[in-house]
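In this text, all values refer to a predicted model and were calculated from it rather than measured experimentally.
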Amino acid sequence: MKSNQITNSGIYRLGGIAGICAGLFILTFAIISESKGILFAPGALADGAIDNWLQNVRSHADASRFLLILPIMGFFAMLIVGMVMYQIIAENFWQKNLSLVGYVIGVPVVVGAFVAHLSLVNQLVLPLTQSVELDTQVRFFTTVSIHRWEIVNSFIGPSFVIILGHTLMAWAAHKANMFPKWLTYWALFNGSLLLISFLYFVSPVLKIASIGAPLSMLWLITLGVTLLKMSRAA
């Protein structure tokens, strides 16, 4: 019996640490990258701003490469959170099963996008890719990469990792009465915001609903703290 309690405690602790790391890593990446002008975002394509973005990346070469490691580790930590949640929710709810599918599909796709971007950044900061003759080619491939990232960042990632992953797993946890209701309602709220943000092409003002993504990172940190507290009683 004692051995089983230690095992349960360890699982909760693993999920707690993973949740806190996932949220902190990704928020840190977003905040610092935005402040340095190296965030890989569609805004880099507006009004010739891609040249400014390229210059910012080359001016902060080490930061551009190091910061990309954070979301890669963060999304792997999210997968751990999903697997822990799947394990500790004993009931076989369909929400739990579909949520795990979201994590298993979404996390590798998003991580793959970040790895591809890390490879691109490594190429951009090399002296050989900074010649005038290569500028047009560099801008072309960078533009293609940004458009590809827009699809992953705005649709695939939120759909699989946050809406299917976090939201449905929180729903399953709510049905199992595992967490405070406000914590599960918060996850449902974040998922609803992101669903609304998908309609921004109908009304651009709905883009503001994409705040559901950073809110989900804060939710992950809170979930992690909650799991750590639960580990003491497991």
Side-chain angles (χ1 to χ4, degrees), residues 1-28 30 71 73-111 155-199 209-234:
M1 180 67 178
K2 184 177 180 180
S3 176
N4 186 53
Q5 289 177 338
I6 295 175
T7 301
N8 289 339
S9 176
I11 291 174
Y12 281 102
R13 191 176 299 113
L14 174 62
I17 294 172
I20 293 171
C21 289
L24 286 178
F25 287 169
I26 294 173
L27 283 176
T28 300
M73 294 191 301
F75 279 101
F76 274 127
M78 275 193 209
L79 182 58
I80 293 175
V81 173
M83 295 176 71
V84 167
M85 291 288 290
Y86 185 86
Q87 179 70 26
I88 64 179
I89 299 175
E91 291 83 352
N92 190 29
F93 299 125
W94 67 265
Q95 292 93 338
K96 182 181 80 167
N97 296 328
L98 188 55
S99 171
L100 186 62
V101 172
Y103 286 118
V104 171
I105 294 177
V107 168
V109 171
V110 175
V111 168
F155 297 102
I156 297 178
S159 296
F160 284 92
V161 179
I162 296 179
I163 296 174
L164 289 182
H166 302 341
T167 305
L168 291 186
M169 195 65 81
W171 187 357
H174 175 74
K175 294 178 67 175
N177 294 315
M178 285 189 57
F179 300 130
K181 290 183 178 180
W182 63 266
L183 185 60
T184 55
Y185 290 156
W186 184 5
L188 294 172
F189 175 70
N190 294 338
S192 299
L193 280 178
L194 287 173
L195 279 175
I196 294 172
S197 73
F198 291 165
L199 300 175
S210 60
I211 194 175
L215 285 177
S216 291
M217 301 306 107
L218 293 175
W219 176 82
L220 270 173
I221 296 173
T222 307
L223 173 65
V225 172
T226 302
L227 288 172
L228 286 179
K229 290 180 179 179
M230 294 174 67
S231 71
R232 300 169 185 169

Legend entry - Nearest non-hydrogen partners of Val161 and Tyr103, listed with the distance: O-CE2, 3.9 Å
Inset, instruction - Check whether any side-chain heavy atom of Ser197 lies under 4.5 Å from a side-chain heavy atom of Leu194, and answer yes or no. - result: yes
Inset, instruction - Could you grab the distance from atom OG1 of Thr184 to atom CG of Asn177, nearest 0.5 Å is fine? - result: 9.0 Å
Inset, instruction - With rounding to the nearest 0.5 Å, note down the distance linking CG in Leu168 to CZ in Phe93. - result: 13.0 Å
Inset, instruction - Measure the shortest side-chain to side-chain distance between Met178 and Met230 over non-hydrogen atoms and say whether it is less than 4.5 angstrom. - result: yes
Legend entry - Flag side-chain contact, heavy atom, 4.5 Å: Leu220 against Met217: yes
Legend entry - Any Phe179 side-chain heavy atom under 4.5 Å of Leu223 side chain: yes
Legend entry - Phe160 to Gly106 - nearest heavy-atom pair and separation: CB-CA, 3.6 Å
Legend entry - Nearest heavy atoms of Ile89 and Ala176, plus distance in Å: CG2-CB, 4.2 Å
Legend entry - For the student: nearest non-hydrogen atoms of Gly74 and Ala22, plus distance: O-CB, 3.3 Å
Inset, instruction - Please say whether more than 12 non-hydrogen atoms of neighbouring residues, nucleotides or ligands are located less than 6.0 Å from CE in Met83. - result: no
Legend entry - Any side-chain heavy-atom pair of Leu228 and Arg13 under 4.5 Å: yes
Inset, instruction - Kindly check if the number of other-residue, nucleotide or ligand heavy atoms within 6.0 Å of CD1 (Ile211) is above 12? - result: no
Legend entry - Flag side-chain contact, heavy atom, 4.5 Å: Asn190 against His166: no
Inset, instruction - Determine whether Leu183 and Thr222 make a side-chain contact, defined as any pair of heavy atoms from C-beta on separated by less than 4.5 Å. - result: yes
Inset, instruction - Could you tell me the separation between the OG1 atom of Thr167 and the CZ atom of Phe189, rounded to the nearest 0.5 Å? - result: 11.5 Å
Inset, instruction - To the nearest 0.5 angstrom, please state how far the CD1 atom of Ile80 sits from the CD1 atom of Ile11. - result: 13.0 Å
Inset, instruction - Return the minimal non-hydrogen interatomic distance between Met169 and Leu100, and the atom names on each side. - result: CE-N, 4.3 Å
Legend entry - side-chain contact (heavy atoms from CB on, under 4.5 Å) evaluation trace for Val110 with Met78: CA-CA 11 Å; Val110 175; Met78 275 193 209; over 6 Å; no
Legend entry - Atom pair OG (Ser210) and CG (Leu215), whose distance is rounded to the nearest 0.5 Å: 10.0 Å
Inset, instruction - In sequence, state the C-alpha distance, the side-chain angles, and the governing distance for Glu91 and Lys175, and then conclude on side-chain contact (heavy atoms from CB on, under 4.5 Å). - result: CA-CA 9 Å; Glu91 291 83 352; Lys175 294 178 67 175; over 6 Å; no
Legend entry - Distance-minimising heavy-atom pair for Tyr12 and Ile88: CE2-CD1, 3.6 Å
Inset, instruction - Check whether any side-chain heavy atom of Trp171 lies under 4.5 Å from a side-chain heavy atom of Leu98, and answer yes or no. - result: no
Inset, instruction - Can you measure from OG (Ser231) to CG (Leu227) and round to the nearest 0.5 angstrom? - result: 8.5 Å
